Student: 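One structure is given below, represented as structure tokens, and several questions about it will come after.
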There are 2 protein chains.
Amino acid sequence: MRSGTNPTVNDVATAAGVSTATVSRCINSPEVVQPDTLRRVRAAIDTLGYAPNFGARALAAKRTNTVGAIVPTLENAIFARGLEAVQRELAAAGSTMLVSSSSYDPEQEAEQIRTLVARGADALLLIGFERSAEIYDFLDRRKIPHVVAWAFAPDQPRPAVGFDNRAAMRALAEKTLAFGHRRIGLVTAQREGNDRAQNRWLGLLDAMRAAGLGEDDLSLQETVYDIESGRAAAHALLTRDPRPTVIMCGNDVLAAGAMIAARELGLSVPEDVSITGFDDIEIARVLTPQLTTVHVPHREMGRRAARMLIDMRDDATAADSVELGTEVILRGTLGPAPVTP
Amino acid sequence: MRSGTNPTVNDVATAAGVSTATVSRCINSPEVVQPDTLRRVRAAIDTLGYAPNFGARALAAKRTNTVGAIVPTLENAIFARGLEAVQRELAAAGSTMLVSSSSYDPEQEAEQIRTLVARGADALLLIGFERSAEIYDFLDRRKIPHVVAWAFAPDQPRPAVGFDNRAAMRALAEKTLAFGHRRIGLVTAQREGNDRAQNRWLGLLDAMRAAGLGEDDLSLQETVYDIESGRAAAHALLTRDPRPTVIMCGNDVLAAGAMIAARELGLSVPEDVSITGFDDIEIARVLTPQLTTVHVPHREMGRRAARMLIDMRDDATAADSVELGTEVILRGTLGPAPVTP
DNA sequence: TTGTATGCGTTATCAT
DNA sequence: ATGATAACGCATACAA
């Protein structure tokens with residue numbers, strides 16, 4: 001009994017009276033070994049408390065069973081919920097998830113992609129399409145399977161699982177316009193380098209143009225994704241003259257901030273001003289009144305992305321992109337535009 | 001030029017006209033190599049696009065520069081915010097964070113601990129003290145450095161960074177009692193296997209006893225941590241006769257659910273019923289009125305935990321536990337107890 | 001300061 | 001079905 005150091009295949013092999021190769025087989029393809037020896041080996045593994053060494057395994061098998069996920073932020077139920085689904089699905093397939101968050105910073109994202117690849121990630125989950133050609137080149141040269149989630153666009157060659165941000169926002173904007181709103185405020189994340197934000201903005205413009213409005217009818221504030229910033233941005237919009245009759249927000253978190261801004265200014269929602277969000281996370285239902293938003297199937301997206309990642313890693317043949325549907329959820333924060341100028 | 005396969009130390013060594021050992025040194029302790037050769041080697045690394053193989057490195061160095069973190073859930077700003085801090089701090093020290101979530105399930109947590117250890121995690125971040133002796137034995141035998149976060153108790157031997165859940169809840173309860181509340185409802189997570197929930201409950205009892213109340217004055221509902229469950233649990237408490245004059249919740253998410261329940265029942269907060277939370281996450285400020293809660297320094301906790309993990313991994317000498325302070329935040333949801341029976 | 005040589009623990013190839 | 005053995009790519013003790 002060697003103590004102090006962990007048991008190895010060798011120890012197990014000796015204990016079970018077989019070769020190391022057989023031990024390895026018992027672990028990786030038990031179906032090819034005789035039931036009898038399998039039992040003996042497993043017993044040895046148990047009594048010795050053997051567990052394969054990760055590094056050695058990765059070195060020999062050229063695979064880590066690890067997939068990396070890089071999200072813009074963890075502090076947001078949107079990605080957290082999706083990631084939880086990713087992790088669950090990966091675990092079921094024997095893989096582990098490595099996450100990191102880029103703080104919505106392309107530079108950091110690039111660095112983290114490199115780090116995760118260096119850490120031996122077999123595949124990568126990325127959010128949104130927009131990133132530098134260098135990074136995509138890097139992934140392609142290294143042949144790292146990767147899927148883009150939270151975004152979908154028919155013309156994008158890379159495997160993706162997501163939804164059409166532009167169409168979804170357009171649908172919401174059409175409802176909004178149908179309520180008679182003509183002076184529109186938009187609180188959005190920084191659009192540069194963020195195709196989701198960009199497309200939501202474009203979707204809004206689509207609807208506005210179809211209704212005979214132009215960019216002049218839109219006041220816009222770019223900000224980072226947190227409640228306080230949403231509040232500040234909405235405050236700025238709501239103190240303009242003329243005041244927008246509706247504040248559409250790039251996500252529910254910003255919308256929650258906008259609700260606070262309205263409260264501060266003594267404006268009632270939706271009588272004085274309407275507010276809309278995007279994502280339909282839990283916060284949408286705790287606001288008073290509840291938030292009109294776009295429902296996005298985050299869990300489903302996470303699951304599908306994980307499956308795709310696993311398939312791509314095993315098959316190497318590029319998977320087909322998946323487009324998921326979204327749904328406009330009408331709740332109390334969206335009402336008719338006030339008639340007063 | 002060998003194509004199709006990644007360059008190795010050997011390739012770099014040949015290209016730079018040095019030995020593999022020197023290449024290794026250039027990467028791991030550049031200060032011991034001559035500036036001139038260092039430059040040559042770095043040039044070779046660049047042109048070849050060399051990156052160390054993770055598995056080989058882990059195998060040879062017996063270290064992965066990876067630390068695992070297991071949290072009860074990712075779908076909750078509480079842990080998400082802390083984890084983001086952990087990740088940031090680890091990254092600064094050249095380590096990567098492996099996360100997984102246990103869904104508040106001890107069995108899953110145990111399995112994930114084993115998985116992360118098998119994945120070569122150098123150290124582990126755990127939430128709360130309470131887990132089976134087997135798991136602690138496992139960690140001790142394997143000599144896996146680990147720190148417990150989100151909890152602190154003077155009598156606990158294991159390194160921890162957190163706060164005194166019991167004292168914090170007691171402080172909040174004292175404020176509540178000072179508002180005249182005598183019939184108290186508690187919505188808590190399942191206490192068994194969750195020392196945080198357990199201690200918050202005990203803290204409440206401490207305050208109640210000090211005020212001359214007993215367990216009879218407390219109605220209690222155990223539930224899982226999400227808004228809908230919080231709503232249901234609070235609904236159950238609020239339809240009891242006599243109705244509690246305050247619903248204290250194990251965290252802000254449950255409190256958000258309680259707010260919905262109150263709204264459903266046509267009860268105004270805090271005129272008809274007061275509500276309190278715990279954690280002070282963003283949701284606390286978007287509720288109307290804003291939520292009275294206990295502020296917990298999540299980011300600070302994450303940072304400290306990460307530092308501790310790194311120190312323990314490098315030093316092996318057990319670090320000292322850190323107790324962080326909390327603060328009762330009085331906001332609109334806590335008011336005087338209604339006088340009507 | 002640099003090079004040589006060996007070990008790290010597995011998996012996979014090729015026999016048997 | 002099982003065994004022997006050669007990679008796998010790097011770090012490091014030891015030599016020079």
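Worth saying up front: this structure is predicted, and the values here are computed from it rather than measured. Proteins get letters first, then strands, A, B, ... in listed order; numbering begins at 1 in each. Any value given below was found using the heavy atoms of this structure, including those in side chains, with hydrogens, waters and symmetry copies removed.
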Student: Scan nucleotides 10-13 of chain D against the protein and return all N/O pairs shorter than 3.5 Å with their distances rounded to 0.1 Å.
Tutor:
unit_1 : atom_1 : unit_2 : atom_2 : d
D/dC10 : OP1    : B/Y50  : OH     : 2.4
D/dC10 : OP1    : B/N53  : N      : 3.2
D/dC10 : OP2    : B/V9   : N      : 2.5
D/dA11 : OP1    : B/N28  : ND2    : 3.1
D/dA11 : OP1    : B/R57  : NE     : 3.0
D/dA11 : OP2    : B/S24  : OG     : 2.8
D/dA11 : OP2    : B/N28  : ND2    : 3.4

Student: Charged N to carboxylate O below 4.0 Å: is that the case for B/E134 and B/R114?
Tutor: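 No, B/E134 and B/R114 are not salt-bridged.
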Student: Atom CG of B/N6 and atom P of D/dG9: how far apart are they, to the nearest Å?
Tutor: 9 Å
Student: Can you tell me how far P of C/dC8 sits from CZ of B/R63, to the nearest Å?
Tutor: 19 Å
Student: Can you tell me the distance, in whole Å, between the NZ atom of B/K62 and the C1' atom of C/dT10?
Tutor: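 Spelled out: NZ on B/K62 to C1' on C/dT10 is 13 Å.
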Student: Can you confirm whether the side chains of B/S95 and B/R313 place a donor and an acceptor under 3.5 Å from each other?
Tutor: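 Looking only at side-chain atoms, B/R313 and B/S95 do form a donor-acceptor pair, the distance falling under 3.5 Å.
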Student: Does a donor on one side chain sit under 3.5 Å from an acceptor on the other, for A/S101 and B/E84?
Tutor: yes
Student: Take the protein atom CG of A/D36 and the nucleotide atom C1' of D/dA1, then report the distance between them rounded to whole Å.
Tutor: 12 Å
Student: With DNA chain C as reference, determine whether B/L59 or B/V32 sits nearer its 5' end, using the nearest nucleotide of each.
Tutor: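 Mapping each residue to its closest nucleotide by heavy atoms, the 5'-most match is B/V32.
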Student: Rounded off to whole Å, could you give me the CZ-to-C1' distance for the B/R39 and C/dT1 pair?
Tutor: 15 Å
Student: Less than 4.0 angstrom from a charged side-chain N to a carboxylate O is my criterion; do A/D36 and A/R40 meet it?
Tutor: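 Salt bridge flag = yes for A/R40 with A/D36.
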Student: Ion pair present between B/R63 and B/D314, side-chain N to carboxylate O less than 4.0 angstrom?
Tutor: yes
Student: May I ask you to decide if the ring planes of B/W150 and B/H298 are parallel, tilted or perpendicular, using 30° and 60° as cut-offs?
Tutor: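 Because their plane-to-plane angle is under 30°, the rings of B/W150 and B/H298 count as parallel.
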